[in-house]
Amino acid sequence: MVSLSRVARPASVPLAVCLLAAVGLAALDFLAVLERPTLLRAGFTLVGAVVALVLFYASRGERPVSARRLPPGATTKVVLVAAAAAVVASAELGARVLPLAVLLPVGFLLVALQIRGEPSVPAVLTQLSALFLAARLAKYVTTGFYFAGTDTFAHVAAVDTLTEVGYTTVIPHGYDLYPVFHFLVGAVTYLTGLRAYDALVLAGIGVYTLVVPIAYLVGASVFESRRLGLTAALGVTLFEFAAYHAVYFYPQALAIVLLFVAVYLNSRLLAADDERTYRRLSVAIVALVATMVVAHHLTYILFAGIVAAAVPVALARPSVFPDRSSVTEALGGRFGAFRYRWLFPGIVGAVFLLAYWTYTPSIIAVGIVELTLGVLFDVATVPGSQLYVYGTALPPDSIARAVRWLTTATGVYAVGLGAVLLLAGYELLDHLGRYRQGFTLAVTGLGLSAILLPLPIPIPQLERLKFTVILVAVFPLAIGLDRALSVDRRAVVVALLLVSSLGTATAFTVVSADDVSGIYTDERREQVAMSDDEYRSVQATSAFVQTYADGPAATDKVTNRAFETTGYNATRALRARPGGLRADAPFFVVRERWTDHVVALGQGLRSGDLNRFVVGDDRFAAADATADKVYTTDHVRVYHRADGYRGFYGENVTANATSQ
């Protein structure tokens with residue numbers, strides 16, 4: 001069999017990819033498969049392909065040796081001071097856009113220059129950690145109570161209850177069976193005296209900052225290269241989901257970090273060359289796996305899918321490198337030992353998981369399996385989402401909006417990430433022999449990383465899978481960044497701008513900057529943060545309803561999740577319909593911030609009702625003026641009507657099946 005590593009690869013592949021992207025977009029437009037604004041947004045693929053094309057041709061041949069080397073000590077001090085100043089400035093201004101827009105481009109530019117030359121590993125890792133930490137702290141000090149997907153409310157309530165009572169059975173939502181996250185945050189609360197919310201967010205920021213040096217260790221171990229270890233660490237700071245979940249910290253985010261550690265320990269286990277080291281690492285992995293089992297259930301189901309995707313790549317590896325002695329080793333029995341060392345942690349983990357789930361079944365896991373089987377056998381459907389508009393107008397999608405999207409941080413991020421991943425693919429084709437170590441992880445990550453890019457259609461709950469995919473996507477990203485920073489002097493500006501703009505955009509994408517008004521053109525989005533004053537108003541309202549209401553109450557998803565932090569639940573559903581809002585409850589809790597955001601209803605997939613609505617200022621004010629208010633704060637009102645509510649806020653103006 002001919003080795004794929006020895007097959008000549010035409011240098012025209014990057015050009016062919018550009019042509020394919022252009023022809024594909026033109027064909028989709030001609031066939032009217034997608035709306036033209038959607039196709040224009042998908043144009044990031046073509047722009048990214050062009051950037052990758054330039055960098056590919058500029059980095060062919062021998063890798064240049066940079067004659068200039070930034071002094072690591074002085075550079076580190078500059079970055080640390082600038083990072084601290086950016087956080088302080090953000091706190092003083094009450095906004096982080098300007099301070100980070102100054103810090104991040106310069107900081108990532110300096111890091112890229114150092115990696116391109118002869119970098120000092122401690123200096124670069126310190127600078128990357130400082131840049132990542134500063135951007136997350138700046139978000140923390142400017143968002144009040146940041147709850148993102150609303151799970152933060154539930155986990156704050158759980159930690160408060162755990163620290164007060166002291167045993168895990170009080171943790172709600174089935175997390176009493178998976179309490180590691182709450183133990184961690186509770187320990188931070190106990191040791192520091194911080195309130196549960198602050199302990200949760202700061203713990204997340206601290207843990208994810210530690211992922212930067214962990215990624216270096218993983219990359220250096222898997223690829224046996226310090227330079228690729230540094231680009232892996234750089235790559236972690238460029239993932240928007242890492243940036244997002246460092247602040248929106250919840251059990252899956254902790255589980256991802258544990259998996260990063262597991263990948264590193266397993267790579268060291270494979271490289272162990274003496275029995276003592278092997279035994280020590282084995283004990284560490286067994287302890288880690290036992291912790292992971294009671295940390296989060298869904299993450300490991302998703303990671304099992306990634307492992308399944310890696311199996312065909314691993315099986316194909318001997319055919320790709322037939323000159324390697326793995327076949328001979330297999331005949332001599334040594335390959336069997338290699339396989340045992342590779343599969344050992346997974347086997348132990350699978351046994352632990354199955355044993356634990358046998359006695360403590362996961363409600364979420366069971367629900368996902370039931371829904372999946374129901375859809376496959378056509379006995380169940382995934383509930384759809386409808387957006388109702390009461391008394392206001394949403395901006396229509398247009399070519400102008402699509403073009404503006406390409407210039408937003410989200411568009412720049414998509415272009416940059418796509419370019420680096422394409423460049424990784426070209427590098428693997430061009431120098432496959434360099435990546436015998438790490439081949440399986442690099443190829444698997446490259447194949448799965450496509451879902452990290454914006455997709456033209458919304459897929460519910462895809463974010464959880466995207467978050468898990470970064471575990472393997474970091475490997476091709478490291479390869480792509482290494483190739484980008486190997487360009488000759490003629491294109492060095494392009495490479496440096498790519499890294500600098502991608503690092504900056506990561507902090508301002510629609511995912512990581514979802515609390516910043518106007519960051520995503522002019523689209524109205526769901527509320528993800530409350531000011532401290534608004535949060536106190538919601539808590540006071542909850543206390544009033546619990547004490548004085550003589551019947552059930554209805555409200556939106558965010559308000560009800562906020563009520564959970566006080567131990568109360570609005571027990572009746574609020575529903576959006578073409579004729580207005582509907583609630584079969586005498587008490588109706590509304591908030592003034594409804595007029596600024598898309599308002600979500602129900603309890604997600606569990607409720608079977610994913611409808612949302614927006615309401616204009618005029619209709620909100622008119623309804624508020626005529627409603628029977630029994631309680632009012634600066635931010636919240638409680639209405640009362642004995643027979644419930646029908647047609648509240650009036651008729652729907654337009655209805656859209658999906659959001660932009």
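Counting begins at 1 with the first residue of the sequence.
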Exercise for review: Please examine the side chains of T237 and V212, heavy atoms only from C-beta on, and report whether any two atoms are closer than 4.5 Å.
Suggested key: yes

Practice item. Check the angle between the aromatic planes of F145 and Y197 and answer parallel, tilted or perpendicular using the 30° and 60° thresholds. Key: parallel

Point to revise | Gap separating the CG atom of L40 from the CD atom of E35, nearest 0.5 angstrom | key: 11.5 Å

Point to revise | Residue pairs fulfilling side chain to side chain donor-acceptor pair (under 3.5 Å) with at least one residue in residues 106-115, sequence neighbours excluded | key: Q114-Q127

Practice item. State, yes or no, whether a side-chain contact exists between P395 and R401 at a heavy-atom distance under 4.5 Å. Key: yes

Check your understanding: Hey, what do you get for CG (L422) to OG (S449), rounding to the nearest 0.5 Å?
Key -> 9.0 Å

**Study point:** Any donor-acceptor pair under 3.5 Å from S537 side chain to V636 backbone
**Key:** no

Review point. Does a sphere of radius 6.0 Å around CZ in R226 hold more than 12 heavy atoms from other residues, nucleotides or ligands, not counting ones at 6.0 Å or beyond?
Key: no

Point to revise | Atom of L498, atom of A484 and distance for their closest heavy-atom approach | key: CD2-CB, 4.5 Å

Check your understanding: Where is the tightest heavy-atom contact between A134 and L103, given as atom of each residue plus distance?
Key -> CB-CD2, 3.8 Å

Practice item. Decide, yes or no, whether a salt bridge links R536 with D634 under the criterion of side-chain N to carboxylate O below 4.0 Å. Key: no

Revision key, fill the gap. Heavy-atom closest pair (G43 atom, L25 atom, distance to 0.1 Å) is CA-CD1, 3.9 Å

Point to revise | ring pair (Phe, Tyr, Trp, His ring centres under 6.0 Å) between F44 and Y413, intermediate numbers included | key: CA-CA 9 Å; F44 77 84; Y413 176 83; 9.9 Å; no

Check your understanding: Quick one: CD1 on I451 to CG on L465, what's the gap to the nearest 0.5 Å?
Key -> 4.0 Å

Review point. Salt bridge check: are E526 and K557 linked by an N-O gap of less than 4.0 Å?
Key: no

Check your understanding: If you measure from CG on L93 to OG1 on T142, what distance do you get to the nearest 0.5 Å?
Key -> 10.0 Å

Check your understanding: Yes or no on side-chain contact (heavy atoms from CB on, under 4.5 Å) for E240 and T410, after CA distance, side-chain angles and deciding distance?
Key -> CA-CA 10 Å; E240 62 177 349; T410 302; 5.7 Å; no

Review point. Backbone N or O of L496 within a donor-acceptor pair of the S500 side chain at under 3.5 Å?
Key: no

Review point. Does a side-chain heavy-atom distance below 4.5 Å link V615 with V599?
Key: no

Check your understanding: So do L462 and L455 actually touch side chain to side chain, heavy atoms under 4.5 Å?
Key -> yes

**Study point:** Beyond-backbone contact of W405 with P454, side-chain heavy atoms, under 4.5 angstrom
**Key:** yes

**Study point:** Under 3.5 Å donor-acceptor, T565 side chain and F153 backbone
**Key:** no

Review point. Any idea which heavy atoms bring A495 and V487 closest together, and the distance?
Key: CB-CG2, 3.8 Å

**Study point:** V511 and E463: CA distance, side-chain angles, deciding distance, side-chain contact (heavy atoms from CB on, under 4.5 Å) verdict
**Key:** CA-CA 10 Å; V511 171; E463 289 76 11; over 6 Å; no

**Study point:** I479 side, atom CD1; L446 side, atom CG - distance, nearest 0.5 Å
**Key:** 8.0 Å

Point to revise | Closest non-hydrogen atom pair between Y57 and P14, with its separation | key: OH-CD, 4.4 Å

Review point. So L417 and L477, side-chain contact (heavy atoms from CB on, under 4.5 Å) or not? Walk me through it.
Key: CA-CA 8 Å; L417 185 63; L477 196 65; 3.7 Å; yes

Check your understanding: Does the side chain of Y146 pick up a donor-acceptor pair with the side chain of D514 at under 3.5 Å?
Key -> yes

Check your understanding: With the threshold set at 4.0 Å, does a side-chain nitrogen-carboxylate oxygen contact exist between R60 and D488?
Key -> no

**Study point:** Polar side-chain atom of Q252 near backbone of R464 as donor-acceptor pair, under 3.5 Å
**Key:** yes

Review point. In this structure, which one of F467, F239, Y208 forms a ring-ring contact (aromatic ring centres under 6.0 Å, His included) with H245?
Key: F467

Review point. Taking the side chain as C-beta and beyond, is there a heavy-atom pair between T392 and R524 under 4.5 Å?
Key: yes

Revision key, fill the gap. The reported gap from CG in L428 to OH in Y435 (rounded to nearest 0.5 angstrom) is 6.5 Å

Review point. What residue among V420, L423, T231 forms side-chain contact (heavy atoms from CB on, under 4.5 Å) with R483?
Key: L423

Review point. Salt bridge (Lys or Arg N to Asp or Glu O under 4.0 Å) with D482: which of R116, R434, R227?
Key: R227

Review point. Does T559 use its side chain to pair, donor to acceptor, with the backbone of D556 at less than 3.5 Å?
Key: no

Check your understanding: Should F181 and H296 be marked as a side-chain contact (heavy atoms from CB on, under 4.5 Å) after you check the CA-CA gap, both sets of side-chain angles, and the distance that decides it?
Key -> CA-CA 8 Å; F181 173 84; H296 194 246; over 6 Å; no

Check your understanding: Judged by modelled atom types alone, do R136 and T209 share a side-chain donor-acceptor pair under 3.5 Å?
Key -> no

Check your understanding: Backbone N or O of V218 within a donor-acceptor pair of the S221 side chain at under 3.5 Å?
Key -> no

Exercise for review: Locate the shortest heavy-atom distance separating L394 from V389; write the atom from each residue and the value.
Suggested key: CD1-CG2, 3.9 Å

Review point. Between V263 and F475, is any pair of side-chain heavy atoms under 4.5 Å apart?
Key: yes

Review point. Do side-chain atoms of T506 reach the backbone of L238 as a donor and acceptor pair under 3.5 angstrom?
Key: yes

Review point. Just by distance, do the side chain of K139 and the backbone of S512 share a donor-acceptor pair under 3.5 Å?
Key: yes

Review point. If we only count heavy atoms from C-beta on, is the T75 to P71 side-chain gap below 4.5 Å?
Key: yes

